[in-house]
Every structure is written in structure tokens, then in C-alpha cells.
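Ligands are counted one by one from 1 in listed order, and the atoms in each one are counted from 1 as well.
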Amino acid sequence: MDPIRQMLTDVLDEVRPRDEGELAQYIPELARADPDRLGLAIVGPRGEVVAVGDADAEFTIQSISKPFVFALVLDALGRDAVLRHVGVEPSGEPFNAISLEHETGRPANPLINAGALATTALVAGGDATERSAHIVAGLSRFAGRTLRVDEDVYASESATGDRNRALAHLLRSYGHIDGDVDGVVEAYFRQCSTLVTVCDVAVMAGTLAFGGRNPVTGEQVVSARTARDVASIMTSCGMYDGSGSWLLRVGLPAKSGVSGGLMALAPSQFGVGVLSPRLDPHGNSTRGRLLLERLSESFGMHVFEQHEGIAAPGVVIERGDDGAVHVVLDGELSFSGAERVLAAVRGVDVELGGEQLVVDVRAVRQLHPAALAVLREQVGDLGGRVHVEV
Ligand code: GLN
């Protein structure tokens, strides 16, 4: 077995015996799920998916849909238009809380139900069918395959969805939803009832982890800035009122759903999807949390873990045919990386007695403006130049 699959299998076996938590009861169709289901998938930057356990089991996406629908409207309408109707602050309250800002009636964030309803209302579409079709098509682009709605779960959500209806009507009273409020709620129920597997969730998470580009299909689904915005909100609000301890222990942007799905992403590294239906009191998958704690530890994925890479670009120093000293850089060049390069260049310059100097950054994949500014200034002081254009 390849080492990654072996590691994932070990983590899965480790958490398998844990049976704390309860199935979500308030949507009757979800209460019938098999509580022992356990699946895990990860996707890397080149789109290779590794899945273990119940990898093919379909479940409804539920609240994991919220960050993706938010991404779609953010990309389509821009930050200002969207943030007029939904905030970006952690609510510190359960997912279904009536958590609206004092005077504006704006929901605290798009990852609790109130904010998700306001977000769904921003999706284009005249009626519930059209809006729902847009949403399912958008979610499918994140997953890289055509997804469909579980009509039984949808009917069950709709039949017991009075709290969400009440929330939506309240939002309309503040002007955050206009027009067909019941149509918005039905589209939201259909959104939550979209069927996915842990592989789909991993690829969806991966699309956010890799700058909005689906690592399997190669499609740029949303912009890199949108992907970053959504990951930021997931970091502060994704695990509801358990978000603080999640950040401490796991340290990854994440989102849970009441059917026991869980997704997490390590920017530039992995997208992760998990299924395990028993939930803790916050409504987050119990074994899902344990799994992610173990994974984050063994893969060194905590976002605040110190990473050397950003401060260490690739550097090759060579003498060109023209007799000049060429310093060829690649990878990512950050401010701290530029400092390192300059230290190396100064060493060479002394040795070579101020020969002509060219710092070549054409192969740098990510060049931060502050890095370029400091490089230009200091290489200039040494009598050299920075070669930027491709
Ligand atoms: N459809 C569910 C609801 O609105 C989604 C909630 C969740 O997954 N936390 O109640």
C-alpha cells in the first residue's frame, strides 16, 4: 500500500471505535442515516485523490454547501455588494441561531443558517427551480462532476423547515431578501440536499486550497481572491461556536454539515473530505474532528505552523556568457525570502569585485510586491538590475 493511503487508513482505524455523539434528529430523513459510516478523502495539488473507508457513500452536503454558494455570489457580485447583506464575524452561537446584527439586521456571517439564506437569495434566478439549478451547477464545478439533489431529504427538510422559513422572513423585513422569500428557502433546502461523497468534498475543498482552481478538472471556478476570502471566513466561523478550539487544535479552515460531513483545507497543500454522521453538541462530526486533529498533526498542516518554504526561494547563482553574475530565482519570493537572496548576492558581489549583476525573477511563480521593491532598491545600490518581464 502506498504510504499516504497507509497513513490515512491508520488514522481511520484509530478513530473507528469512537462512538460519541448523536445523529441530527431535526430532519427526519437524516436521523435514518447509518451512524457507523466512516470515510476520508484527500486531494493534492496535482489532482490525485486518495480515499479510504466509505469513499463512495453519498450523503447530503448540508452546511458544507454554504462556503461554496458564498464563493459563487462573491465572485459574481464582488465583496461590497455581498457584504451589505451578510457580515463576516463569528456569531459564537449555534448554526440555527437568530443571529442578526443589531440595527441592520444583517446575519453575522454566511456560514450560519441566517447568513446562508441571505447568500442563497443573492444567487441569480427568478424562481426556486432556476436558483436551485444555478446552485447545483456551481457546486458541481467545485466537485468536478455533475451533482444531484436527494429529493427525499429535500422533502424532509422542507416539511420541517419552519425555523429557516422564519429566519428568511425576518431577513426580508430588514431588506436582506427581497421578492419570493419562500422560493429562496426552497432553493436553500435543495442546496443542502445536494448529494456528495467524501471524494467530492475533498475536491471542492481542494478548489479553495489551490486558489479557486479545481485540481482535478483544471477549471478556474472562482478567483484566487474569492477562494482566500472564503477560507478566511471558514477559519473564524466554519465550525460554529466550536471554531476557536478547532483553530487551536486543528488549525485549518473547515466547514461541517449536520449529515456528518466535514471538509477542511490546507492552503496550497490539500483538500480534505470526511464523513462520520454522529455529531457533537456544536453540530460538528465527532470522529471527523478527531480525524482532522490527527491528520493536521501528522501532515504538519496547521496554518500557523512555521513554514520555511516561503522564506527560502530557489536560488542559482551563475556567470553568464556576457560575464555578468546571474542570480536566477524560482518558487515563491516573499519579503523575508528577498532578504535571504540579498544576503547571498552581497557575498558573491564581494568575491567578484562588483561585476555586472542581474537578478532574474522571471521564473518566480509568486512574487510579492514588497519583495520586488526591496530587491530592486538593494540590487540597484549594488549596481545591478532585476530582470522581471517574461
Ligand atoms: N439544512 C440544514 C439546516 O438548515 C443545514 C444545517 C447544517 O448543516 N448545520 O438546518
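By the 4.0 Å heavy-atom criterion, F189 is excluded from the residues contacting ligand 1. Residue N113 places a heavy atom under 4.0 Å from ligand 1.
The nearest heavy-atom contact from the protein to atom 6 (C) of ligand 1 is S63 OG, 3.0 Å. Of the protein's heavy atoms, Q62 OE1, 3.2 Å lies nearest to atom 2 (C) of ligand 1. In this structure, atom 4 (O) of ligand 1 lies nearest to the protein heavy atom Y188 OH, 2.7 Å. At the top of the distance list for atom 10 (O) of ligand 1, counting protein heavy atoms only, stands Y26 OH, 2.6 Å.
Only the side chain of N164 comes within 4.0 Å of ligand 1, counting heavy atoms alone; its backbone N, CA, C and O stay farther away. Only the side chain of E157 comes within contact range of ligand 1, with a heavy atom under 4.0 Å; no backbone atom does.
Near G257, meaning under 4.0 Å from any of its heavy atoms, are these atoms of ligand 1: 8 (O). With ligand atoms numbered from 1 in the order given, ligand 1 contributes 6 (C), 9 (N), 10 (O) to contacts under 4.0 Å with heavy atoms of F95.
A salt bridge (Lys or Arg N to Asp or Glu O under 4.0 Å) with R190 is found for exactly one of E151, E130, E157, namely E151.
With 3.5 Å as the limit, one finds no donor-acceptor pair spanning the side chains of T60 and D150.
Heavy atoms of other residues, nucleotides or ligands lying less than 6.0 angstrom from CD of E297 number 12 at most. The local environment of CZ in R145 is crowded, with over 12 non-hydrogen atoms from other residues, nucleotides or ligands closer than 6.0 Å.
Within the model, atoms OG1 of T120 and CZ of F189 stand 10.5 Å from one another, a figure rounded to the nearest 0.5 Å. Considering CG of L12 and CZ of R16, their distance stands at 4.5 Å, rounded to 0.5 Å.
Using a cut-off of 4.0 Å between Lys/Arg side-chain N and Asp/Glu carboxylate O, R165 and E186 are scored as salt-bridged. Classification of D36 and R278 as a salt-bridged pair holds, one side-chain N sitting under 4.0 Å from a carboxylate O.
The shortest N/O to N/O separation between C192 and ligand 1 does not fall below 3.5 Å. At under 3.5 Å, not a single nitrogen or oxygen of S256, backbone or side chain, sits near a nitrogen or oxygen of ligand 1.
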